[in-house]
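Throughout, protein chains are lettered first and strands after them, A, B, ... in sequence-line order, and every chain is numbered starting at 1. Note that the coordinates shown come from a computational prediction; the quantities given were computed from them, not determined experimentally. Excluded from the calculations below are hydrogen atoms, water molecules and symmetry mates; all remaining heavy atoms, backbone and side chain alike, are included.
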Amino acid sequence: MSDNQTDLERMRHSTAHVMAAAVCRLYDDVQLDIGPATENGFYYDFDLPHRLTPEDFPRIEEEMNRIISEKIPFERLEFTRAEAEAKLREMGQTFKLERLAEIPEGETITFYRCGEFMDLCRGPHLEHTGQIKSFTLLSVAGSYFHGLETNPMLQRLYATGFLHPKELRQYLAQLEEAKKRDHRKLGRELDLFSMHEEVGAGLIHWHPRGARVRSIIEDFWRQEHYRAGYELLYTPHIGQANLWETSGHLGFYNESMYAPMDIDGKEYYLKPMNCPFHIQIYKTHKRSYRELPIKWAELGTVYRYEKAGVLHGLLRVRGFTQDDAHIYCTPEQMEAEFKKIMKFAITIWKAFGFSNITAYLATRPEKAVGEVERWEQATNALRDALESEGVPYEVDPGGGAFYGPKIDLKVKDAIGREWQVSTFQFDFNLPDRFDMTYIGEDGQAHRPYMIHRALLGSIERFFGILVEHYAGAFPLWLAPEQARVLPLTEKQMAYAETVAEALRAAGFRVTVDQRQEKVGAKIRQAQLDKIPYMLVLGPREEEQGQAALRSRTAGDLGAFGLPDIIERLSREVDSKGLDAENN
RNA sequence: GCCAGCUUAGCUCAAUUGGCAGAGCAGCUGAUUUGUAAUCAGCAGGUUCAGGGUUCGAGUCCCUGAGCUGGCUCCA
């Protein structure tokens, strides 16, 4: 497995060299940067006067195939630093000279030669180009040298390759599948949400069907929070400048905040976060250790400035609703509270059909506030919670915020893609800044621990992920329209209304297809609308007081009496579709 | 924000080298009364993203801007 992994990486990295070699053969004045293998393929960064477009891909691929058919050996060459520098100067490779300067003293400096193409490179490589079995160019994009905005922008060619052509076909099929599930496409097709140039980029409009799903998600979320001992809050959308000065946001978060508005001569800011408001509520009276832990949650809508180029459907927006919570507790309670958060998170994610969860534990960065012991204590609490819940995790050393360590959760969707969703974060900063206290057993004031917790992340983003996970075919409990009644002809219209009413009375979301269409057309429409159940009503059903039940996934199930149908659907709603087949 | 590409009817897409803006689906009207993924016919639908320019003539060429797409950076 790991051998295969290195083989694959080596092959991809070598293919990246072949791609760069092909580009050098085809175009003049190519400045090379780097061409690493990535999780799903590889890329090569270079700068050249010619602007690459997808129209150039066939030519480049053709040249690459020529290089592959030539079976050119990859030759490893060792150089001293001085030789390497001279060589790169001679080649006029300025980015490579910078890369060379970054190689630590004492490390062996190697070049790889492949025919006339030579590149400063750690390797390893294949023996010769003939060993490359499959590849395809995917896209071209800009990318800053070293990923730094202030650096020149290079052209990046994305491509992928696999050890076997069959795997490449599978990967391309998966890309196709992902395209079909794209929440932006499904959002339009299923009439869930939209965005409008007239309103502004990154601002979401929820249509009735999308809003219906959202309200089901939120109702479930509220119910589970009350059950888990949280109280819910509502707080304002704007707050005065001095609040954000105290919180520190105007200092370290300013770039993500919108310009202030003037109200009665005072500056007010749209909130990018909910925490300062929750803290205000905390501070409305003296808190006793007996009250702790305090667990407050809010579906809080925040606005953050995001650069125009990063906006992406529901996944990256400028106004969104966080499912935010703050937990204030004593040092002794911290660990137990954290375990509860983990357990709670897993329960909620499972309810939405995500059971494959992994975690990233981010520890203390160089620049940090709070004593080291508190960091250690908190980090251990995070680690213990992960271990006691058996959540697989990786450590991201130094990856925490300056104000506390954190855990990020990732979930895997139905087609194996990972999404960063939940985040649980200690905060050693805000309790200090707002001088939060509680009175301990000893009668003295103490600083509470504060934990930020977003479970679904943002409702918009979560909804986008959910749409892609289910490919728009929501399980019964979430479906905006759970059943559609399809009268065979106009003659069954009255009966259809009766059936729909009965189901509505039992709490289901039901419509009647009143169009004068053949039943085949009505079924087709319901299938395209991804309605979980269809109730076909002809003279037979009307006479028997029944309905022919059709499932979106299983097809015709036969005729049943209404009580049976209600019973069946109710059970499926209660189980959230988790013990049924996976849609 | 930066690099590249895209933007034509509600949606998906056509429109020779610059020469009369079109189709399917959806919508509306009518006919049809239908049994498990599309009944037929007719009608209507456009500032070709916005603004400017070149030209006898611009959907098509040039400039500016917006939005979107793929990335970089960032992150819920």
ask   = Is atom CD of A:Glu55 surrounded by more than 12 heavy atoms (other residues, nucleotides or ligands) closer than 6.0 Å?
value = no
inquiry  = Looking at A:Lys406 and A:Asp408, is any side-chain nitrogen of the basic one under 4.0 Å from a carboxylate oxygen of the acidic one?
reply    = yes
key: Under-3.5 Å donor-acceptor pair between A:Arg524 side chain and B:A38 base   = yes
message = Please pick, from B:G1, B:G35, B:G5, the nucleotide with the shortest atom-to-atom distance to any side-chain atom of A:Thr53.
response = B:G5
query = Contact class for A:Gly309 vs. all strands (heavy atom < 4.0 Å): base, sugar-phosphate, or nothing?
reply = base
key: Identity of whatever pairs with B:G65 - Watson-Crick or G-U, under 3.5 angstrom   = B:C49
ask   = For the side chain of A:Glu149, counting heavy atoms from C-beta on, which of B:U36, B:A76, B:U73 is nearest?
value = B:U73
ask   = When the ring centroid of A:Tyr27 is compared with that of A:Phe46, is the distance short of 6.0 Å?
value = no
query = Would you call A:Glu460 and A:Arg214 a salt bridge, taking side-chain N to carboxylate O under 4.0 Å as the test?
reply = yes
query = Do A:Gln527 and A:Arg550 meet the criterion of a side-chain donor-acceptor pair at a distance under 3.5 Å?
reply = yes
ask   = Which listed nucleotide (B:G35, B:G1, B:A76) is nearest to the side chain of A:Arg461?
value = B:A76
request  = Choose from B:G71, B:A76, B:U39 the nucleotide whose nearest atom is closest to any side-chain atom of A:Met153.
outcome  = B:G71
remark   = Contacts of A:Phe145 and A:Tyr305 projected onto RNA chain B by closest heavy atom; the upstream (5') one is A:Tyr305
query = With distance as the sole criterion, do the side chain of A:Arg316 and the base of B:C74 form a donor-acceptor contact below 3.5 Å?
reply = yes
Minimum-distance nucleotide (side-chain atoms of A:Arg184 versus B:G70, B:G5, B:G71) = B:G70
ask   = Rounding to a whole Å, what distance do you find between A:Glu468:CD and B:A76:C1'?
value = 16 Å
query = Any N or O donor-acceptor pair linking the side chain of A:Gln155 to the base of B:G71 at under 3.5 Å?
reply = no
task = Look at the side chain of A:Glu198 against the base of B:A66 and say whether a donor-acceptor pair falls under 3.5 Å; ignore hydrogens and angles.
result = no
note = Taking for A:His312 and for A:Leu537 the nucleotide of RNA chain B with the nearest heavy atom, the one nearer the 5' end belongs to A:Leu537
remark   = Checking B:G35, B:A76, B:U12 against the side chain of A:Phe320 (C-beta onward), the nearest is B:A76
